[in-house]
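Reading through the structure tokens given below for one structure.
No hydrogens, no waters, no symmetry mates; every other heavy atom, side chains included, goes into these values.
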Amino acid sequence: MPKTIDSRPDPAVNSWPNGYALPADKGRGTVQDMFGVDVFSERVMQQRLPKDVFRRLQQTINHAEPLDPAIADVVAAAMKDWAIERGATHYTHWFMPLTGLTAEKHDAFLIPDGQGGAMSEFTGSALVRGEPDASSFPSGGLRATFEARGYTAWDATSPVFINRNGNTATLCIPTAFVSWNGEALDKKTPLLRSMDALSEQAIRVLRLFGADKGVTRVSTTAGCEQEYFLIDRDHYYRRPDLVTGDRAIFGARPPKHQQLEDHYFGSIPTRVLSFMSEVERELYRLGVPVMTRHNEVAPGQYELAPLYETSNIAADHQMLVMETLKRVAPRYGLQCILHEKPFAGINGSGKHLNWSMCTNTGVNLLDPLDDTHTNMQFLVFLCAVIRAVDLHADLLRASVASASNDHRLGANEAPPAIMSIFLGDMLSDIIDQLEHNSPRSTMKGGKLDLGSRTLPQISRHTGDRNRTSPFAFTGNKFEFRAVGSSMSAAWPMTVLNTIVAESLDVLCTELEKAASKNPTPAKLEQAVRSVLQKLVKQHNRVIFNGDGYTAEWHAEAARRGLPNYRETVAALETLCTKKNTDVFRRHKVLSKAELESRQHVFFEKYVKQVMVEAETAANIAQTMILPAAVRYQTQLAQAISATQAADVDAGSLREALDDLASLITNLRAAIAKLDVAMQSHDADPHAHAVHVRDRVRPAIDDLRIVVDELEGVVAADLWPLPTYREMLMLR
């Protein structure tokens, strides 16, 4: 089986990347036996399909060959029988529209037989193609309201699974979603196209280096670490802002939050650990290879991390992770919050995207090996990534742009909006050698002596890690840290695959010119050094190994000419430039119309998300905060009257009343200011987004300042919202 990207030696674990073969648990049987895995896996297919059908389906799954329509009926029948045996009554084409969520329409396996009974039926055509309504999903103008036809098409490379919810079981078929014209209306179709584009260019490079003819496919692989918050469900339902937008729009930071750093990697609370265990069981059953769980930095914050898989499978599984976290939490009286910054003043949540490239024979193309300076093939792929991030920093930034991620990027828990690359000491040294001469040596990490005879000497990496970098090399992969916790990983992966494919195309073309298509090893090495030296000189400005949080880096980045799109609207404005349109079109990932439709959808989503927050903020302030403040004002006034009647000086109480009255006046003014800001009805999504950014968001922020100040003044028994202390500190 192909190796995983982190080259773990265990062959059982190494069978995860294709998404079908689930690992054996030594001594206790397979994961299927342990958890009753509901995945139409390779083992299940081999047992239920005729050998010839199984072989032809494997060609599609493992080698990206076109699906043979002749086998669809046989596969569908086997899939149906297996699903019904496992309790499924319905099937659905499961897809990722541009909402950023998943979508499904359930159809029953049972149909009337015309004789008063029913029969089960699931044909090959029903497996391969579905027809949901395309007019009710965001299309950015690709579909008019009256143009309803859209198609879902089976992604045979992503495992079919059974989703259980309550007492129901549904066969879920991962699919792409396109319009009647064949234009992509989803996040899966461009991802698959980008994987094809990168594979084509990567194989060109490998052929130049004399790669074995057994290499027929290069897949991008990904593992998405998922951060999230858990709060008590009772508190959640008493916060209209959390219910409508997953973010506490109001709330003063408590005296104790994360400053003692006592939550990070701390002992997991019992209720939370029980929740985590059930989430893992459900994900194992769905074939999702989760591995790591721990407390994160902020109170009430946690993380789950999987093994690496082929990108489209990783994208599907990431959606299942988010859905499972949300679904399981209420069973433990908890609410899972995936917003990037649900609580101001403490760390938010990301979805660190670990990305690499792997051949179908199991070679990780971003593994530097021991003597990296001699590994010219690795250096070509590394430099292709460096060039891609430098030339297309705007696209990478736009791929993680959202109203919710704006609250997180650049804060202390997240990388800045400036796209830069961290390489570490060893690779930076080799790149420096490459720029000024020929690489002649590779730094070694050595051993760490821990100063105690009972402790072992442990191996040390050749360089430290950098948590402030948005795009960091971490041993044998890159970690794209700017992805937001609530996002689908499919779009950032699509962008990354496409821009690296473009760089590989350019590099390979230059190498072919410099060394010919069948060069001698010496001539190829000379050509590689010459081409890469030129590339490094052009693009090394994007390499930065220092502290990305400092003001000095922002000034240095500006001197280097690196773009800094601090918020979503500015980032999205770059999406459809000629440079970006050309790179998607050239590699057949997105047409100009498809890319423009996404920009339109992203602007609309930004506007809608902020406007929901604005209306919610105004409503809470008007109907909850203001009445509570007025009640407290009344109590203070009554206390002053009673104090004066007792012939006691009420001067301090009167000062408190005057201060409160002033805050109430400010509150009413802030509500009115927000109401005025919300009145714009610009039909153009871009213009509306600009208005929302420049007028509505500042008005929400101004209202928050007043409300949070009132929280520190109004009596606790009158305050209508659960506070940060209650939500984050109580387990």
Side-chain angles (χ1 to χ4, degrees), residues 231-245 247-260 262 298-300 342-346 613-678 696-731:
I231 67 170
D232 193 278
R233 197 162 170 82
D234 289 341
H235 292 150
Y236 172 79
Y237 277 115
R238 289 170 55 205
R239 296 282 314 215
D241 45 2
L242 287 174
V243 172
T244 58
R247 181 170 86 94
I249 299 172
F250 303 125
R253 194 167 65 174
K256 181 183 183 296
H257 42 94
Q258 66 188 51
Q259 68 268 50
L260 296 180
D262 53 347
F343 305 104
I346 63 174
E613 286 192 355
E615 291 181 28
T616 302
N619 182 265
I620 292 174
Q622 185 70 47
T623 64
M624 298 176 73
I625 306 301
L626 181 59
V630 170
R631 285 192 204 102
Y632 186 53
Q633 184 182 42
T634 301
Q635 288 185 4
L636 275 179
Q638 291 171 345
I640 290 171
S641 297
T643 302
Q644 290 174 335
D647 200 23
V648 176
D649 180 27
S652 61
L653 285 176
R654 185 169 295 282
E655 288 180 9
L657 181 61
D658 289 342
D659 291 343
L660 178 61
S662 178
L663 284 174
I664 290 174
T665 299
N666 293 342
L667 175 65
R668 293 174 62 86
I671 294 171
K673 177 182 176 182
L674 180 56
D675 284 339
V676 171
M678 289 191 293
V696 178
R697 291 198 96 156
I700 296 174
D701 294 340
D702 290 345
L703 178 58
R704 177 175 196 144
I705 291 171
V706 182
V707 172
D708 290 357
E709 192 171 353
L710 277 166
E711 183 182 324
V713 173
V714 174
D717 62 320
L718 295 178
W719 193 251
L721 301 173
T723 64
Y724 276 23
R725 179 191 63 81
E726 293 171 304
M727 292 188 289
L728 296 175
M729 301 300 177
L730 303 183
R731 298 289 177 268

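Smallest separation of non-hydrogen atoms from Pro299 and Leu728: O-CD2, 3.4 Å. The shortest non-hydrogen separation linking Arg704 to Gly251 is NH2-O, 3.0 Å. The shortest non-hydrogen separation linking Pro254 to Met729 is CG-CE, 4.5 Å. Here the closest heavy-atom approach between residue Thr623 and residue Asn619 is recorded as OG1-O, 2.6 Å. Closest of all the heavy-atom pairs between Pro722 and Arg239 is O-NH1, 2.8 Å. Closest approach of Ala670 and Val706 over heavy atoms only: CB-CG2, 4.5 Å.
Separation of atoms CD (Glu726) and NE2 (His235) is listed at 5.0 Å; rounding is to 0.5 Å. Remark: Tyr237 OH to Ile231 CD1 distance equals 10.5 Å, nearest 0.5 Å. How far CD1 of Ile705 is from CG of Asp702: 5.5 Å, rounded to the nearest 0.5 Å. One distance of note links CG of Asp241 with OH of Tyr236; it measures 10.0 Å at 0.5 Å rounding.
At a threshold of 4.5 Å between non-hydrogen side-chain atoms, the residues Glu711 and Thr723 count as touching. At a threshold of 4.5 Å between non-hydrogen side-chain atoms, the residues Ile671 and Leu667 count as touching. In this structure the side chain of Met727 reaches within 4.5 angstrom of the side chain of Leu242, judged on heavy atoms.
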Query raised in the report: Do Thr616 and Ile620 pass the side chain to side chain contact (heavy atoms under 4.5 Å, CB included) test, and can you show the C-alpha distance, the side-chain angles, and the key distance before you say yes or no?
Result: CA-CA 6 Å; Thr616 302; Ile620 292 174; 3.8 Å; yes
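Within a 6.0 Å sphere centred on CZ of Arg253, other residues, nucleotides and ligands contribute 12 heavy atoms or fewer. The number of heavy atoms from other shown groups lying within 6.0 Å of CZ (Arg668) does not exceed 12.
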Which pairs of donor and acceptor atoms, one on a side chain in residues 624-649, lie under 3.5 Å apart (sequence neighbours left out)?
unit_1	atom_1	unit_2	atom_2	d
Thr634	OG1	Val630	O	3.0
Ser641	OG	Ala637	O	3.2
Thr643	OG1	Ala639	O	2.6
Asp649	OD1	Gly651	N	3.1

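The ring-ring contact (aromatic ring centres under 6.0 Å, His included) pairs that include a residue from residues 706-728 are Phe343-Tyr724, where partners are two or more places apart or lie in different chains.
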